[in-house]
Number of protein chains: 2
Amino acid sequence: MALPPPPDSHLADRGAEPAPERIAAELIAVIVAVTEGAPRVLTLAGAALPSGPFASEHRSLQAALRAWVEHQTHHPLGYVEQLYTFADRDRAAEAGERVVSVSYLGLTREARAAAQAGVSWQDLYRYFPWEDRRDPHAALAPVLAQGLRSWAGDAPDAMLRWERGTRVAIAFGLDGRPWNEELALQRYETLWEAGLVPEAGGTAAPGEPMVHDHRRILATALARLRGKIKYRPVVFELMPPAFTLGQLQAAVEALAGRRLHKQNFRRLVEQQELVEETGGVTAETRGRPARLFRFRREVMAERAVSGSKLPLVR
Amino acid sequence: MALPPPPDSHLADRGAEPAPERIAAELIAVIVAVTEGAPRVLTLAGAALPSGPFASEHRSLQAALRAWVEHQTHHPLGYVEQLYTFADRDRAAEAGERVVSVSYLGLTREARAAAQAGVSWQDLYRYFPWEDRRDPHAALAPVLAQGLRSWAGDAPDAMLRWERGTRVAIAFGLDGRPWNEELALQRYETLWEAGLVPEAGGTAAPGEPMVHDHRRILATALARLRGKIKYRPVVFELMPPAFTLGQLQAAVEALAGRRLHKQNFRRLVEQQELVEETGGVTAETRGRPARLFRFRREVMAERAVSGSKLPLVR
DNA sequence: CCTTTTATGCTCATATGGAGCATGATAGGA
DNA sequence: TCCTATCATGCTCCATATGAGCATAAAAGG
């Protein structure tokens, strides 16, 4: 049985082929925390994500990641989730070297000091300034809007112009369309294709670049986290043992990059019975003191059972 | 800088270490179709998922997968999605051999005949009989219910008994809890842990086993697909160009493993403007003839913009 | 003509999400 | 001391989405 040109068939006669090619495998970690209302990410010198090789000694991919991250941050990684695996040709490190990179998203709380040289927490929006829409007056930077529009307008044929136009409009919430925070990855990819980010040779876009495709991986993590936060109680991994609903809301807003309706946010959290009062109150500087709450870990198991969205018959 | 025991640090001084270990990488494909109301999966001799090596010639992981699957099925893989990457120690093929496996989910329509020897389409529920709840009277097989209950009851201490008990109840919809079709993976994993599947040495559970961890990967795919089908119009990848709403519903029911409320299903599909009439009608054997519809591909881009679930402020 | 079967149209009650009014509690001045 | 700015909390109102059925239409087969 013949398979497509590149690889030989492995569908049936598995014995009749040469030993499979060996390549290197590495793990890349996007470790996120929220500190005082600011989303933070663990970096190396502010330009690379922590990464490490995967070796035979490791029990599993996740075990490997957990091991060195916990050693690194001295904080248990409560929530760890596999993000995506890349092996694009342009990621080849040295000549012809092929690497498979498995990326993970981890949630934790910021440790006081990054022990190792170069290891530091950075504001996530340093890399994606356009993703922070918490300021109600925030709009897409003119440089970006301009660059995107001309990219769409410069397409060779009408069909492509239309495609790029709607793609930009949907991703960036232009032409009256709503802003969708979950499209963080599409936005970064569109900026790349439009040649607006430094990694793609552009200079127009604001935001710090990172090595290799690390900024893309970071965008993947942001998009995933923004989606997940809506149907799984993962924010709590980022909170201290006791917190006020205001702080909880601030953490969600930090990640979502948008403002939420305060009263409705409380209603949501309370009616889902995600939290319970500790009994204490905060001694904030201003305003009425807020009650302290703690996360009800018990709901974790149940909360997987969310909405159905399908018209079931009972 | 020292990192956790196993791997040497790669967080900072990256130059000062031995060349990273080389391992083999492979792709595993879960190709799904729905034929006459039955969910189908492409297999090798009914006991293995198609898999192939990843080689340097490939542009990317997805490109590699697409290439050989399309060659194999002679059908374009409309929808392809990365599922998960495994490298568990117990997956080691030969002695000490470490393999990283990247699994993908692909949706297509069943080709007339699997050209290659051994390649065949199988009913998905052959591997997970307990996942098909389309028959309203279907209940969990007594063997399973019994096995799960004794596993929970046989736990050494009370705490563990309680944990297993609620876990089983949630996953399998026992003790008055609702059945959640999306928990397909948790169910398979629970059966494994309870030692009820052949792969784990058990004999109690019905359902055909597969080689290695392929049945687990299949369960991962089923769970992912059942979740996705609710907020993305992916079913259409499985439908012919023109179809009736009844057929569309049957396809969704085949994947979800449950019956849907017919009138509400139509309302959902129509109000979301996912389809448009072709003008024709079917000549079915019984009942009133149904109008034919086609999928409105234009909505694909937009439909990413779904519900917010967060109390935004405008 | 009557029964069975699948397709379609519509209605009604309830749940959920979006907005905003009103009041309670504190800190910091004027 | 009183007024204001700031948050925290309680509640109400409304539009829409979702869950359940009732009723009718349009075929095939006795």
Side-chain angles (χ1 to χ4, degrees), chain A residues 36-37 134 136 178-181 229-231 242-253 256 258-293 303 305-314, chain B residues 36-37 134 136 178-180 230-231 242-253 256 258-293 303 305-314:
Chain A
E36 290 171 35
R134 281 175 294 176
W179 173 265
N180 184 342
E181 67 281 351
I229 214 174
K230 291 172 184 166
Y231 62 99
F243 48 84
T244 69
L245 294 184
Q247 291 166 341
L248 183 64
Q249 183 179 343
V252 174
E253 290 179 332
R258 328 187 42 165
R259 289 276 167 224
L260 306 182
H261 184 285
K262 195 193 295 201
Q263 299 93 316
N264 290 347
F265 178 78
R266 307 179 128 268
R267 179 175 65 185
L268 200 69
V269 172
E270 288 176 333
Q271 84 183 8
Q272 293 195 147
E273 301 183 298
L274 293 172
V275 300
E276 62 191 0
E277 285 189 59
T278 66
V281 291
T282 41
E284 295 283 284
T285 37
R286 25 147 145 278
R288 171 176 171 175
R291 286 178 291 173
L292 285 170
F293 293 83
R303 275 293 160 277
V305 193
S306 63
S308 85
K309 280 284 183 187
L310 282 182
L312 298 175
V313 67
R314 308 276 161 115
Chain B
E36 290 171 35
R134 282 175 293 177
W179 173 264
N180 183 343
K230 291 173 184 167
Y231 62 98
F243 47 83
T244 69
L245 294 184
Q247 291 166 340
L248 183 65
Q249 182 178 344
V252 174
E253 290 178 334
R258 330 186 41 165
R259 290 275 166 225
L260 307 182
H261 184 285
K262 195 192 298 200
Q263 299 94 317
N264 290 346
F265 178 79
R266 311 179 125 267
R267 179 174 65 185
L268 201 70
V269 172
E270 288 176 333
Q271 84 183 9
Q272 292 193 152
E273 300 183 299
L274 293 172
V275 299
E276 62 192 1
E277 284 189 59
T278 65
V281 292
T282 41
E284 296 285 283
T285 37
R286 27 147 140 275
R288 171 176 170 176
R291 286 176 291 172
L292 286 170
F293 293 83
R303 274 296 162 278
V305 194
S306 64
S308 83
K309 278 284 181 183
L310 282 184
L312 297 176
V313 67
R314 304 283 162 106

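The basis for the numbers below is simple: all heavy atoms, side chains too, and nothing from hydrogens, waters or symmetry mates. Proteins come first, then strands; the chains are lettered A, B, ... in the order of their sequence lines, and each starts at number 1.
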Peer 1: Which nucleotides of nucleotides 4-13 of chain C have their base under 4.0 Å from a protein heavy atom (B), which only their sugar-phosphate (S), and which neither (-), written as one string 5' to 3'?
Peer 2: -BBBBBBB--
Peer 1: I'd like a table of atom pairs between the protein and nucleotides 28-30 of chain C - only N or O on both sides, under 3.5 Å - with the distance next to each one.
Peer 2:
none

Peer 1: Report yes or no: is there a donor-acceptor pair, N or O only, under 3.5 Å between the side chain of His261(B) and the base of dG21(D)?
Peer 2: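 Checked by distance alone, the answer is yes.
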Peer 1: How close or far is atom P of dT18(D) from atom CG of Leu268(B), stated in whole angstroms?
Peer 2: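 One finds 6 Å between P of dT18(D) and CG of Leu268(B), rounded.
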Peer 1: Whole-Å distance between dT18(D) C1' and Leu260(B) CG?
Peer 2: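 Rounding to the nearest Å, CG of Leu260(B) and C1' of dT18(D) are 13 Å apart.
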Peer 1: Tell me the interatomic distance from Phe265(B), atom CZ, to dA17(D), atom P, rounded to whole angstroms.
Peer 2: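 In whole Å, dA17(D) P lies 17 Å from Phe265(B) CZ.
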Peer 1: Give, for atom CG of Leu274(B) and atom CG of Leu245(B), the distance between the pair rounded to the nearest 0.5 Å.
Peer 2: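 Rounded to the nearest 0.5 Å, the CG-CG separation comes to 10.5 Å.
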Peer 1: My understanding is that only residues two or more places apart in sequence, or in another chain, count here; which of them pass side-chain contact (heavy atoms from CB on, under 4.5 Å) with Thr278(A)?
Peer 2: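 Residues passing side-chain contact (heavy atoms from CB on, under 4.5 Å) with Thr278(A): Ala242(A), Leu292(A), Arg294(A).
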Peer 1: Can you check the Gln249(A) CD to dT6(D) P distance for me, whole Å?
Peer 2: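 To the nearest whole Å, that distance equals 17 Å.
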Peer 1: Closest approach of Phe293(A) and Glu270(A), non-hydrogen atoms and distance?
Peer 2: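 So the minimum-distance heavy-atom pair works out to CZ-OE2, 4.4 Å.
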Peer 1: Does Phe265(B) form a side chain to side chain contact (heavy atoms under 4.5 Å, CB included) with Val252(B)? I'd like the steps, not just the answer.
Peer 2: CA-CA 10 Å; Phe265(B) 178 79; Val252(B) 174; 4.1 Å; yes
Peer 1: Would you compute the distance between atom CZ of Arg259(B) and atom CD of Gln249(B) and round it to the nearest 0.5 angstrom?
Peer 2: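 One gets 8.0 Å once the value is rounded to the nearest 0.5 Å.
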Peer 1: Please report the closest heavy-atom contact between Lys230(A) and Glu181(A), naming both atoms and the distance.
Peer 2: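 Nearest pair, atom of Lys230(A) first, then Glu181(A): NZ-OE2, 2.6 Å.
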Peer 1: Could you measure the distance from the CD atom of Glu253(A) to the CZ atom of Arg258(A)? Nearest 0.5 Å is fine.
Peer 2: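 It comes to 10.5 Å.
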Peer 1: What distance do Gln247(B) atom CD and Glu36(B) atom CD have between them, rounded to the nearest 0.5 Å?
Peer 2: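 It comes to 10.0 Å.
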Peer 1: Starting from C1' on dC7(D), measure out to CZ on Arg259(A) and report it in whole angstrom.
Peer 2: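 Rounding to the nearest Å, CZ of Arg259(A) and C1' of dC7(D) are 13 Å apart.
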